[in-house]
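Note that the structure is a prediction, hence the values are computed from the model and not measured. Letters go in sequence order (proteins before strands), and every chain restarts at 1.
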Protein chains: 2
Amino acid sequence: MDFERPIVTVDIVLLTLRDSHLHAGLTRRDKAPALGAWTLPGGWVHTDQDQDADEAAARILRDKAGLVSPYLEQLRTFSGMHRDSRGWSLSVSYYAVVPEPVGEPAGERFRWAPVDGLRSLPFDHAQILRTAVERVRSKTLYSSLPVHLMPAEFTLGALQRTYEQVLGATLDKRGFRRRIEELDVIEEIPGAFTSGGSHRPAQLYRKKAHAPALKTATSNLPVG
Amino acid sequence: MDFERPIVTVDIVLLTLRDSHLHAGLTRRDKAPALGAWTLPGGWVHTDQDQDADEAAARILRDKAGLVSPYLEQLRTFSGMHRDSRGWSLSVSYYAVVPEPVGEPAGERFRWAPVDGLRSLPFDHAQILRTAVERVRSKTLYSSLPVHLMPAEFTLGALQRTYEQVLGATLDKRGFRRRIEELDVIEEIPGAFTSGGSHRPAQLYRKKAHAPALKTATSNLPVG
DNA sequence: CTAATAGTGTCTCTTAGACACTATAAA
DNA sequence: TTTATAGTGTCTAAGAGACACTATTAG
């Protein structure tokens with residue numbers, strides 16, 4: 001016997017670091033339910049063009065946030081009878097991590113919001129967001145994930161501040177540098193240094209061209 | 001505009017340890033496509049009775065394998081245009097880890113198969129199985145997951161052999177015991193020991209009553 | 001006694017964590 | 001000079017890994 005097919009959507013937690021805090025990208029809904037509300041970017045799977053849910057996520061990110069994220073991972077699937085007023089629904093959720101965008105986002109249908117202020121969002125999007133932030137914080141402890149928050153060129157000091165801002169904790173400089181070197185995902189840009197400050201210039205680094213999106217260590221960063 | 005709703009199923013990788021090797025529980029399909037083939041236990045979401053996908057997974061496990069697993073976790077969602085001949089489909093997959101069942105499974109619609117021999121399964125079930133086994137091996141390195149493979153009472157030696165069989169590597173006894181003690185998920189059964197072998201009896205242990213399903217360490221077990 | 005497995009003591013070597021030190025810029 | 005940040009050297013304490021030792025049963 002057959003059952004009614006659930007509603008299937010793909011929702012994306014798009015994260016970046018602005019003003020020293022994690023921000024999530026939100027879009028304004030143009031349909032009921034929750035018409036006019038700010039939610040995580042999401043949409044239906046287009047069964048005629050999306051090869052799979054990953055492609056649907058990349059398409060939605062492109063259409064709603066106008067960007068292509070090199071780091072886009074499935075988070076988990078949220079489902080239930082009551083999470084959407086239209087019926088039994090299922091959301092395959094993803095999280096993306098991108099460098100701070102330059103300038104204000106184009107259009108009125110997209111904005112960045114600090115994740116710590118987002119206690120309530122329509123549907124179960126607050127829970128999805130919370131899960132994504134937890135995942136990112138946890139991966140930050142033992143992986144190179146925060147490198148995706150950095151611009152093309154950056155210093156080790158800036159990378160450490162990024163880790164610290166994601167974790168909400170300070171790290172020892174020596175230990176941090178040892179760890180990053182082990183992960184082997186960034187490289188010096190020969191001869192490139194910062195300039196301008198009244199202090200010693202810093203070596204600029206970039207992601208290694210062929211490094212995997214994520215490298216993991218076998219132990220956690222020491223936090224507090 | 002609306003799109004055709006994808007086919008939604010829940011599939012479960014049910015794992016146990018028999019004869020020193022990981023085995024997966026398979027059920028025989030009684031419908032097309034792949035009629036008569038052995039596949040991962042799975043089924044439709046029953047939108048009228050399942051509160052969410054977790055409940056659907058528990059129901060399917062109960063109906064098809066006749067058991068209730070204390071450890072049942074979402075693995076990930078597999079989807080695509082071509083993974084099921086009936087159309088664009090999506091499978092929310094789960095993995096469960098249970099002690100070796102006593103006796104042969106009841107019925108002809110269920111059997112255990114060694115995971116290493118399962119190179120090909122209908123749909124993308126071989127890939128789902130591979131992903132689950134990877135996940136279990138990886139969690140074995142830093143968590144108490146294999147405790148769910150143990151019967152109600154067991155020795156530390158048996159637990160170590162379980163870890164070793166899942167990992168396919170030998171572990172140092174001292175280090176292993178230190179690690180298990182840190183995880184703090186099992187306890188001695190006062191006065192209970194093995195008997196019968198021509199050697200010193202071993203203390204019997206059990207899961208702690210209120211321990212969480214999974215405890216994690218901050219570093220990996222040392223393997224080769 | 002031997003054989004076999006259970007369980008503990010402990011030494012060494014690695015590494016994390018702390019922190020002091022030097023380096024180099026601008027004012 | 002001072003101030004600020006970049007970057008390195010290195011000591012120490014904790015812990016992992018190795019492995020030898022004792023304990024307790026049956027035969």
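As rounded to whole Å, 12 Å separates atom C1' of C/dT14 from atom CD of A/Glu182. Atom CZ in B/Phe176 sits about 16 Å away from atom P in D/dA18, given to the nearest Å. Taking atom CD of residue B/Gln160 and atom P of nucleotide C/dT5, one finds them 13 Å apart after rounding to whole Å. Note: CZ (B/Phe193) to C1' (D/dA23) measures 12 Å, nearest angstrom. As rounded to whole Å, 17 Å separates atom P of D/dG17 from atom CZ of B/Arg177. Between B/Glu164 atom CD and C/dT5 atom P there is a gap of 13 Å when expressed in whole angstrom units. Rounded to whole Å, the distance from NZ on A/Lys173 to P on C/dA23 is 14 Å. Rounded to an integer number of Å, the gap from A/Ile180 CD1 to D/dA6 P is 15 Å.
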Result block: side-chain N/O donor-acceptor pairs under 3.5 angstrom for residues 195-205 of chain A, not counting sequence neighbours:
from, atom 1, to, atom 2, distance (Å)
A/Gln203, NE2, A/Ile189, O, 2.8
A/Gln203, NE2, A/Ala192, O, 3.3

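Listed by chain and residue number, B/Arg206 satisfy the salt bridge (charged side-chain N to carboxylate O under 4.0 Å, His left out) test with B/Glu187 (two or more places apart in sequence, or in another chain). Legend: residues meeting side-chain hydrogen bond (donor to acceptor under 3.5 Å, both in side chains) with A/Ser143, ordered by chain and number and at least two apart, are absent. Taking A/Asp184 as the reference, A/Lys208 meet the side-chain hydrogen bond (donor to acceptor under 3.5 Å, both in side chains) condition, with sequence neighbours excluded.
The aromatic rings of B/Trp112 and B/Phe110 stand perpendicular to each other, their planes meeting at an angle above 60°, with 30° marking the opposite boundary.
Across residues 194-206 of chain B, B/Gly197, B/Ser198, B/His199, B/Arg200, B/Pro201 each have a non-hydrogen atom less than 4.0 Å from an atom of DNA chain D (numbered order).
Judged by distance alone, with hydrogens and angles left aside, A/Arg174 brings a side-chain donor or acceptor within reach of the base of D/dG9, the pair sitting under 3.5 Å.
Counting only residues at least two apart or in different chains, side chain to side chain donor-acceptor pair (under 3.5 Å) contacts with residues 61-74 of chain A comprise A/Tyr71-A/Tyr95, A/Gln74-B/Arg76.
Nucleotides of DNA chain C nearest to B/Arg178 and B/Arg161 differ in position, and the one nearer the 5' end is that of B/Arg161.
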